[in-house]
Amino acid sequence: MDNKRKKLTARFFNRRVTTVARDLLGKYLVRKIGDKEMAFKITEVESYDGEKDLACHASKGRTMRTEVMYGEAGTIYVYLIYGMYYMLNIVTGPKDYPAAVLVRGLEGINGPGRLTKTLAINRKLNGLPLAFTAGLWIEDRGEVVSKKDIEKTARIGVEYAGPIWSQKLYRFMLKDSRPNKKTAKIK
DNA sequence: TAAGTGATCTCT
DNA sequence: GAGATCACTTAA
């Protein structure tokens with residue numbers, strides 16, 4: 001194994017969700033399908049932190065759908081939204097504490113819906129541990145991300161969570177790989 | 001800017 | 001069982 005490529009373990013994910021989210025920037029998401037391997041740098045993430053976070057699915061309590069979020073750190077949480085798009089999340093924090101990092105953007109791929117389409121991520125991965133066996137894992141390739149390269153903003157599409165939670169700076173992105181967005185309209 | 005899409009949750 | 005909701009994308 002190449003010593004520049006360190007696979008992130010459950011220990012990495014078993015920390016505060018915002019810390020994990022920030023640290024995931026600059027890491028590589030690796031997807032292996034058959035003999036083919038793809039790797040993309042993570043450029044944008046959001047964190048969802050516990051039942052108290054009204055933007056978090058688990059804010060309504062434990063259900064069949066959210067059960068995965070209560071699981072072990074490093075578990076893959078995939079769900080379908082708007083009837084068309086899969087979202088990729090990584091469960092963080094201790095067991096029985098529902099928190100997860102939503103992977104929103106990779107280098108060259110903007111938008112969480114397109115991300116999962118490109119990487120062929122679907123419901124079959126839901127609940128699996130982030131590992132070689134699932135064909136999906138995250139590597140540290142030795143790239144250093146300094147604090148000033150990280151931009152913190154409010155999360156997207158969570159206005160229903162109310163002013164307090166929708167304004168939390170739980171979204172992290174790399175400045176230098178910022179996608180060509182139209183002028184950000186943050187109201 | 002509008003609309004499509006289907007799983008999930010909440011009420012009867 | 002029925003209806004509302006939703007963390008997005010694409011095409012005009």
Side-chain angles (χ1 to χ4, degrees), chain A residues 13 16-25 27 29 31 38 40-71 73-93 96-128 130 136 138 150-174 177-187:
Chain A
F13 296 103
R16 258 191 69 74
V17 63
T18 47
T19 308
V20 175
R22 200 192 56 214
D23 282 358
L24 276 176
L25 293 175
K27 302 288 188 292
L29 182 70
R31 175 74 167 125
M38 310 182 269
F40 296 91
K41 184 153 80 174
I42 297 173
T43 58
E44 186 181 347
V45 294
E46 279 181 17
S47 39
Y48 290 84
D49 188 16
E51 291 177 355
K52 64 180 192 306
D53 181 354
L54 296 179
C56 180
H57 284 165
S59 65
K60 292 186 186 129
R62 213 164 172 143
T63 67
M64 263 214 301
R65 182 206 209 179
T66 59
E67 185 65 31
V68 178
M69 285 184 105
Y70 291 80
T75 303
I76 303 167
Y77 174 39
V78 176
Y79 64 90
L80 188 67
I81 193 67
Y82 300 129
M84 276 179 259
Y85 302 106
Y86 292 108
M87 297 286 121
L88 172 64
N89 300 251
I90 313 297
V91 176
T92 70
D96 294 324
Y97 183 80
V101 175
L102 167 64
V103 182
R104 291 185 56 89
L106 303 176
E107 196 168 56
I109 306 175
N110 305 328
R114 300 176 62 195
L115 181 162
T116 48
K117 202 175 157 190
T118 304
L119 296 188
I121 286 164
N122 54 50
R123 298 176 60 79
K124 286 180 196 155
L125 292 172
N126 189 40
L128 293 178
L130 198 59
L136 183 72
I138 296 174
I150 295 173
E151 190 167 359
K152 287 163 69 172
T153 70
R155 290 176 293 187
I156 300 295
V158 291
E159 276 166 35
Y160 67 92
I164 295 173
W165 290 101
S166 60
Q167 285 167 24
K168 287 263 178 198
L169 300 180
Y170 276 7
R171 178 165 172 246
F172 301 88
M173 52 198 291
L174 285 179
S177 57
R178 179 159 27 193
N180 50 333
K181 290 208 165 106
K182 4 180 177 179
T183 20
K185 49 164 184 203
I186 291 163
K187 209 191 100 187

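In what follows, chains are A, B, ... by sequence order, proteins preceding strands, each numbered from 1.
Ion pairing of A/Glu46 with A/Arg104 is present here, as a side-chain N (NZ or NE/NH1/NH2) and a carboxylate O approach within less than 4.0 Å. A salt bridge is absent between A/Asp23 and A/Arg16; no separation between the charged side-chain nitrogens and carboxylate oxygens falls under 4.0 Å.
In this structure, the CE atom of A/Met87 is 13 Å from the C1' atom of B/dT5, given to the nearest Å. As rounded to whole Å, 16 Å separates atom P of C/dC8 from atom CD1 of A/Ile109. In this structure, A/Ile81 places its CD1 atom 17 Å from P of C/dA4, rounding to the nearest Å. Between the CD1 atom of A/Ile156 and the P atom of C/dT9 there is a distance of 10 Å, rounded to whole Å. Rounded to a whole Å, the OH atom of A/Tyr79 is 15 Å from the C1' atom of B/dT5. Here C/dC8 presents its P atom at 10 Å from CD of A/Glu44, a figure rounded to the nearest Å. Residue A/Tyr82 contributes atom OH, which lies 16 Å from atom P of B/dA3 at whole-angstrom precision. Residue A/Tyr85 contributes atom OH, which lies 11 Å from atom C1' of B/dA3 at whole-angstrom precision.
In this structure, the side chain of A/Asn89 engages the main chain of A/Tyr77 through a donor-acceptor pair within 3.5 Å. Put simply, the side chain of A/Thr118 gets close to the backbone of A/Arg114: a donor and an acceptor are under 3.5 Å apart.
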Could you please spell out the steps behind the side-chain contact (heavy atoms from CB on, under 4.5 Å) verdict for A/Val20 and A/Thr18?
CA-CA 5 Å; A/Val20 175; A/Thr18 47; over 6 Å; no

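Taking a pair to require two hydrogen-bonding distances under 3.5 Å in either a Watson-Crick or a G-U wobble arrangement, B/dT5 remains unpaired.
Both tests pass for A/Arg65 against the ring of A/Tyr79: distance under 6.0 Å to the centre and angle within 45° of the axis.
Among the heavy atoms of the strands, none lies under 4.0 Å from A/Arg155. Residue contacts shown for A/Met84 include a base, since a base heavy atom lies under 4.0 Å away.
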Which atom pairs link the protein and nucleotides 7-10 of chain B when you take only N or O atoms and keep those under 3.5 Å?
residue, atom, partner, partner atom, Å
B/dT8, OP1, A/Arg123, NH2, 3.0
B/dC9, OP1, A/Thr63, OG1, 2.5

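Residues A/Asp49 and A/Tyr97 have side chains that bring a donor and an acceptor to within less than 3.5 angstrom of each other.
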